Peer 1: 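Mind having a look at this structure? Questions to follow.
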Amino acid sequence: MRKNIVAGNWKSNKTLTQALALAEEVKTLASQITTEAEIILGATSLYLLPIKKVLGEGSKVKISAQNTSAYGQGAFTGEISADQLASAEIPYVILGHSERRTLFGETDDIIQVKVKQALNAGLLPIFCCGEPFEIRQAGTQNDLVKIQVETALFGLSDEEMRKVVIAYEPVWAIGTGLTASAQQAQDMHAFIRSLIAIKFGKETAHEISILYGGSVKSSNAAEIFGMPDVDGGLIGGASLVADEFINIVKCA
Ligand code: PEP
């Protein structure tokens, strides 16, 4: 059964004290609502273990790293390998975020390696894809997203594919206040699901959660999450305020 998921991407925001306070607040508010949705907090790697402690054993709020190394353990100064994250029992990792692609030069090929490293280590990747504004203007967004999805995911086995969460995040909507319309999101999500169906079969495609990301707020989440192929969201700015984030969770 595919899950609805609402994942916060805190990026490089918050001091440790502020991050722990936010996690505590999310935990408290999450305990006051009834939801089937998986709630995930994507924090700076350094903060993940103390956040985990705040959330407690068996918490319904899970945690995610925002990146992992393309390499294993060894002489890779400054990197955190997937098996190191897994050894700290971090369940999820966000990979291929547009900020990693544009600011840190991550290509589809690098992301492919990271997805594989993550899966081999036992992590669940939240794989991000999405087109920049010029591509949307040119109307070629499906071609670009197809390349991103095919390159990163088509070398996986069926069993591996079922562990991947896909996040469609049009770059022009990230942190800009512009949001794809619910129909634009649905069209792309249905397209991505059709790509997965062609390669891995309809059953696998049906199982995969595809999240929408890009200026989601509590005021637009219900409409977007209400579309048949949208299984929740990856939330940036709005995840930094606990009650706004939980109001978004309520829409999933
Ligand atoms: C993101 O960075 O993944 C994101 C969706 O950001 P925002 O919600 O702020 O647009």
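All ligand and atom numbering here is 1-based and tracks the order in the structure. Since we're looking at a predicted model, the values are computed, not measured.
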Peer 1: What heavy-atom pair brings Thr179 and Ser215 nearest, and what distance separates the two atoms?
Peer 2: OG1-O, 3.4 Å
Peer 1: Taking only heavy atoms of Ser215, which atoms of ligand 1 are found under 4.0 Å from at least one of them?
Peer 2: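 Ligand 1 atoms under the 4.0 Å threshold to Ser215: 7 (P), 8 (O), 10 (O).
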Peer 1: Output yes when the distance from some N or O of ligand 1 to some N or O of Leu234 is under 3.5 Å, and no in every other case.
Peer 2: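 The answer is no, given that Leu234 and ligand 1 share no N or O pair closer than 3.5 Å.
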Peer 1: With rounding to the nearest 0.5 Å, note down the distance linking CZ in Phe154 to CG in Leu195.
Peer 2: 5.5 Å
Peer 1: When you measure from atom 5 (C) of ligand 1 to every protein heavy atom, which one gives the shortest distance, and what is it?
Peer 2: Glu169 OE2, 3.1 Å
Peer 1: Purely on distance, is any nitrogen or oxygen of Gly213 under 3.5 Å from one on ligand 1?
Peer 2: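 Gly213 vs ligand 1: no N/O contact under 3.5 Å.
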Peer 1: Look only at the side chain of Ser239 and the backbone of Gly236, and say whether a donor-acceptor pair between them is shorter than 3.5 Å.
Peer 2: yes
Peer 1: Using 30° and 60° as the class boundaries, would you call the ring planes of Phe76 and Tyr71 parallel, tilted or perpendicular?
Peer 2: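 The arrangement is parallel - the two ring planes meet at less than 30°.
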Peer 1: Between the side chains of Glu244 and Ser218, does any donor sit under 3.5 Å from an acceptor?
Peer 2: yes
Peer 1: Before signing off on this row, confirm whether Gly214 and ligand 1 have an N or O atom pair separated by under 3.5 Å.
Peer 2: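 Gly214 vs ligand 1: no N/O contact under 3.5 Å.
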Peer 1: Counting from 1, what ligand 1 atoms have a heavy atom of Ala173 closer than 4.0 Å?
Peer 2: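 Reading through ligand 1 atom by atom, the close ones are 10 (O).
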Peer 1: Test of understanding: given a 4.0 Å heavy-atom threshold, classify the contact between Ile174 and ligand 1 as side chain, backbone, both, or neither.
Peer 2: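 Both backbone and side chain.
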Peer 1: Got an N/O contact under 3.5 Å between His97 and ligand 1?
Peer 2: yes
Peer 1: Would Trp172 and Glu134 satisfy side chain to side chain donor-acceptor pair (under 3.5 Å), going step by step from the backbone distance to the final call?
Peer 2: CA-CA 9 Å; Trp172 46 271; Glu134 326 74 81; over 6 Å; no
Peer 1: So how far is it from Ile192 CD1 to Phe127 CZ, rounded to the nearest 0.5 Å?
Peer 2: 8.0 Å
Peer 1: Starting from atom 9 (O) of ligand 1, find the nearest protein heavy-atom neighbour and note its residue, name and distance.
Peer 2: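 Checking every protein heavy atom, the shortest distance to atom 9 (O) of ligand 1 gives Gly237 N, 2.9 Å.
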Peer 1: For ligand 1, which atoms have a heavy atom of Gly175 less than 4.0 angstrom away?
Peer 2: 7 (P), 9 (O), 10 (O)
Peer 1: Which residue supplies the protein heavy atom nearest to atom 2 (O) of ligand 1, what is that atom called, and how far is it?
Peer 2: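 Scanning the protein heavy atoms, the shortest distance from atom 2 (O) of ligand 1 goes to Lys11 NZ, 2.5 Å.
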Peer 1: Start with the C-alpha distance between Gln112 and Asp108, add both sets of side-chain angles, then the distance that settles side chain to side chain donor-acceptor pair (under 3.5 Å), and finish with yes or no.
Peer 2: CA-CA 6 Å; Gln112 176 199 40; Asp108 290 331; over 6 Å; no
Peer 1: Is it true that Leu55 and Val93 fall in one hydrophobic cluster, defined by side-chain heavy atoms closer than 4.5 Å?
Peer 2: yes
Peer 1: So for Cys128, does at least one of its heavy atoms come nearer than 4.0 angstrom to any atom of ligand 1?
Peer 2: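 The answer is no: ligand 1 sits nowhere under 4.0 Å from a heavy atom of Cys128.
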Peer 1: Just need the protein heavy atom nearest to atom 6 (O) of ligand 1, so name the residue and atom and give the distance.
Peer 2: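 In this structure, atom 6 (O) of ligand 1 has Gly236 CA, 3.3 Å as its nearest protein heavy atom.
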Peer 1: Taking the non-hydrogen atoms of Ala238, is any one of them nearer than 4.0 angstrom to ligand 1?
Peer 2: no
